[in-house]
Amino acid sequence: PHTGPALILTPDAEKTPGYWNKGARRRLELALALQPAAQRAKNIILFMGDGMGLPTVSAARIYKGQLAGGSGEESVLAMETFPHVALAKVSRAVLGGGKALLPSPKTPLAPACFQTYTIDRQVPDSAGTGTAYLCGVKTNAKTLGLSGAAVYGKCRTTFGNEVDSILHRARLAGKSVGIVTTTRVQHASPGAAYAHSASRSWYADADMPKEALRDGCKDIAYQLVHNTDINVILGGGRMYMTPKRTPDPEYPEDPAQNGTRKDGLDLIAKWLSAKQGARYVWDKKGLDAVKDDSVSHLMGLFEPKDMKYELNRNASTDPSIVEMTEKAIRILRRNPNGFFLFVEDEIDHGHHSGRAKQALMEAVMLDRAVARAGELTSSSDTLTVVTADHSHVFTFGGNTLRGTSIFGLAPKKAKDKRAYTSILYGNGPGYSIRSGGRPAASLPAAEDKDYKQQAAVPLETETHSGEDVVVLAQGPMAHLFHGVQEQHYIAHAMAYAACLEPYAAEPGCSSARRASHGTQYSPQPLLTLLALCVAAHMVGA
């Protein structure tokens, strides 16, 4: 018996071998026609699905299809149309030092696997992984922009152990740079792009121990304004930028949302005064009013802390990740030298809270941002990379039937004679025991956006997991994402592709810099690829 929503019947065409044979042949033809794009990249966009493990990608694909009225399983994410695919794995390995090994365009390539562990953790956090994929070195958990010689929470170990991100190096090379995130802009993932901090939690000076302040360490918000000349900063995190008791512009009657800084600095005002042609906005109306060609620098902080989940977002007051990504690209692409853009979505927070629907909607929104970025750029000069920092103890299964809601129930009851959802967590707040057993899952409760799927182990917050994460790439030098690699290789491959340090003197970089000034935007390469993928899908998987 089927306990979920009514099934969408499988098309009769799928029952014939010809359907699958034609689809496979078309995909084989696409694979045979694929050639490495060996030219250098003018622009780089790195999409980071925080916590977007492989099960999340698969479930988001189904959810996307079901949102569009389909059964879901046959849906295709925009990121899945990218021709080069890799995995990032977490098992411990020790490799030789020196430059990352970068293959020539003629080298036969295999799917890539990237190891996400930190120096001290088998299962990593977002600070250590951020330092790896943005700065190109492995480090310790909970530290930002520092080598493994730095010790978590020990300010004095910061000095002399700083490592620069690819965003910082891109800015020094004359490119425009930007950060878009649905978390606070001082959070671990975006923070690794500009900060050097012995603790990922030092958002403002009020969050730092007296010893660290006395030893000369600066909070992450301070470093956001002072370390790197970032052209576009969009996300949350207003309260860390203004003096203590400064009323929040959106929630002036709520003292819990006030500014927190003890040093009295107004970092927003300081940032504005230091940047000619800079604008600051704090709501969607302000963002929409910004003319793309009227600003050189834009800061938009849309919540005191993290931005709201997409399913909770007020579309009239807060921009979506798609809208923020579009605004950033339109501003950054005016630079003839190109740009680097980092885009992150808080899939992670949905999983930590045990709310799968919130997490999967964030993943769908990240994919929509990927699609919009593809429409605004060209794969002939823009390297686009989509990956995750780590995964979560999230899974879905239970022999569910074709077309079952991704949030629905398994077709048969468990050994305890009670229904259960397809989606489950290994640990987290969804653990519950009532009357000597777990409660039975039911519909429509399991479809609610704040429903907490059942977990095997009781924890206040669900944890990260250690399995591989996917890396998808298209554009110049996308073929460099191959084989079994460490996560820090991502930063090296991107730097090599765009002729950034330490690869600025590599062969072909001088001509690439000259050519970047004359590059014209054309969406045709991506549109052609999408058309081919859709055509292949229409005649079978």
Side-chain angles (χ1 to χ4, degrees), residues 27 30-31 34-37 41 43-64 75-89 103 109-116 129 132-134 166 189 321 325 340-345 347 360 362-375 377-380 382-391 467-487 489-494 496-498 525-530 532-534 536-537 541:
R27 290 180 182 275
L30 289 172
L34 181 63
Q35 296 294 325
N43 313 309
I44 296 178
I45 306 177
L46 174 60
F47 285 95
M48 177 57 55
D50 195 324
M52 190 177 68
L54 281 166
T56 299
V57 174
S58 299
R61 178 197 309 131
I62 295 173
Y63 187 33
K64 172 188 175 180
S75 181
V76 179
L77 295 169
M79 65 181 79
E80 292 177 320
T81 66
F82 287 11
H84 297 279
V85 183
L87 292 177
K89 73 183 182 70
L109 302 178
C113 203
F114 292 81
Q115 302 163 347
T116 65
T129 55
Y133 63 71
L134 284 170
I166 185 171
S189 300
I321 188 172
T325 299
F340 175 89
L341 175 61
F342 175 77
V343 182
E344 180 207 25
D345 199 292
I347 300 160
L360 295 187
E362 295 302 316
V364 169
M365 290 302 294
L366 180 73
D367 190 64
R368 290 177 182 174
V370 171
R372 186 62 183 134
E375 295 168 351
T377 60
S378 168
S379 60
S380 66
T382 302
L383 170 64
T384 303
V385 179
V386 184
T387 188
D389 48 356
H390 54 73
S391 186
E467 78 267 13
D468 302 354
V469 295
V470 71
V471 183
L472 306 105
Q474 77 164 7
M477 295 289 173
H479 62 281
L480 295 181
F481 294 94
H482 76 105
V484 178
Q485 303 287 356
E486 300 280 358
Q487 191 175 42
Y489 173 86
I490 295 174
H492 285 264
M494 291 189 298
Y496 184 89
L526 178 61
L527 295 177
T528 300
L529 176 61
L530 288 173
L532 289 172
C533 290
V534 170
H537 170 66

Can a donor-acceptor pair be found, under 3.5 Å and without considering hydrogens, that links the side chain of [X] to the backbone of [Y]?
X	Y	answer
Thr387	Val470	yes
Gln487	Asp389	yes
Thr81	Ala78	yes

Rounded distance (nearest 0.5 Å) linking atom [atom1] of [X] with atom [atom2] of [Y]:
X	Y	atom1	atom2	result
Phe481	Leu472	CZ	CG	10.5 Å
Ile347	Met48	CD1	CE	10.0 Å
Phe340	Ile45	CZ	CD1	9.5 Å
Met365	Ile321	CE	CD1	7.5 Å
His479	Gln474	NE2	CD	14.5 Å
Ile44	Leu383	CD1	CG	5.5 Å

Inset, instruction - Scan side-chain atoms only and decide if Thr382 and Thr384 contain a donor-acceptor pair under the 3.5 Å cut-off. - result: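 No donor-acceptor contact under 3.5 Å links the two side chains.
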
Inset, instruction - Evaluate the side chain to side chain contact (heavy atoms under 4.5 Å, CB included) criterion for residues Leu134 and Leu46: first the C-alpha distance (whole Å), next the side-chain angles of each, then the deciding distance (0.1 Å), finally the verdict. - result: CA-CA 9 Å; Leu134 284 170; Leu46 174 60; 4.0 Å; yes

Inset, instruction - Just say parallel, tilted or perpendicular for the rings of Phe342 and Tyr133, cut-offs at 30° and 60°. - result: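 It falls in the parallel class, under 30°.
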
Nearest atoms (heavy-atom pairs only) where [X] meets [Y]:
X	Y	answer
Ala60	Ala363	CB-CB, 3.7 Å
Phe47	Ala373	CZ-CB, 3.7 Å
Ala37	Gly475	CB-O, 3.7 Å
Pro476	Ser380	CG-O, 3.5 Å
Thr325	Ala369	OG1-CB, 3.8 Å
Gly53	Ser391	CA-OG, 3.2 Å

Legend entry - With Tyr63 via ring pair (Phe, Tyr, Trp, His ring centres under 6.0 Å) - residues at least two apart: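 Per chain and number, Tyr63 pairs via ring pair (Phe, Tyr, Trp, His ring centres under 6.0 Å) with Phe407.
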
Legend entry - Set of salt bridge (charged side-chain N to carboxylate O under 4.0 Å, His left out) partners for Arg368, sequence neighbours left out: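 Testing Arg368 for salt bridge (charged side-chain N to carboxylate O under 4.0 Å, His left out), a comparison that skips the adjacent residues, returns none.
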
Legend entry - Pairwise side-chain contact, His492 with Leu480, heavy-atom cut-off 4.5 Å (strictly under):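 Heavy-atom side-chain distance check fails, nothing below 4.5 Å.
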
Inset, instruction - Evaluate the side-chain proximity of Val469 to Met52: yes if any heavy-atom separation is below 4.5 Å, no if none is. - result: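 With C-beta onward as the side chain, the pair stays apart.
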
Legend entry - Residue of the set Val364, Asp367, Val76, Leu77 for which side-chain contact (heavy atoms from CB on, under 4.5 Å) holds with Arg61: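 So the option named by the test is Leu77.
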
Inset, instruction - Please name all residues satisfying side chain to side chain donor-acceptor pair (under 3.5 Å) with Thr129, sequence neighbours left out, ordered by chain then number. - result: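 Side chain to side chain donor-acceptor pair (under 3.5 Å) list for Thr129, sorted by chain: empty.
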
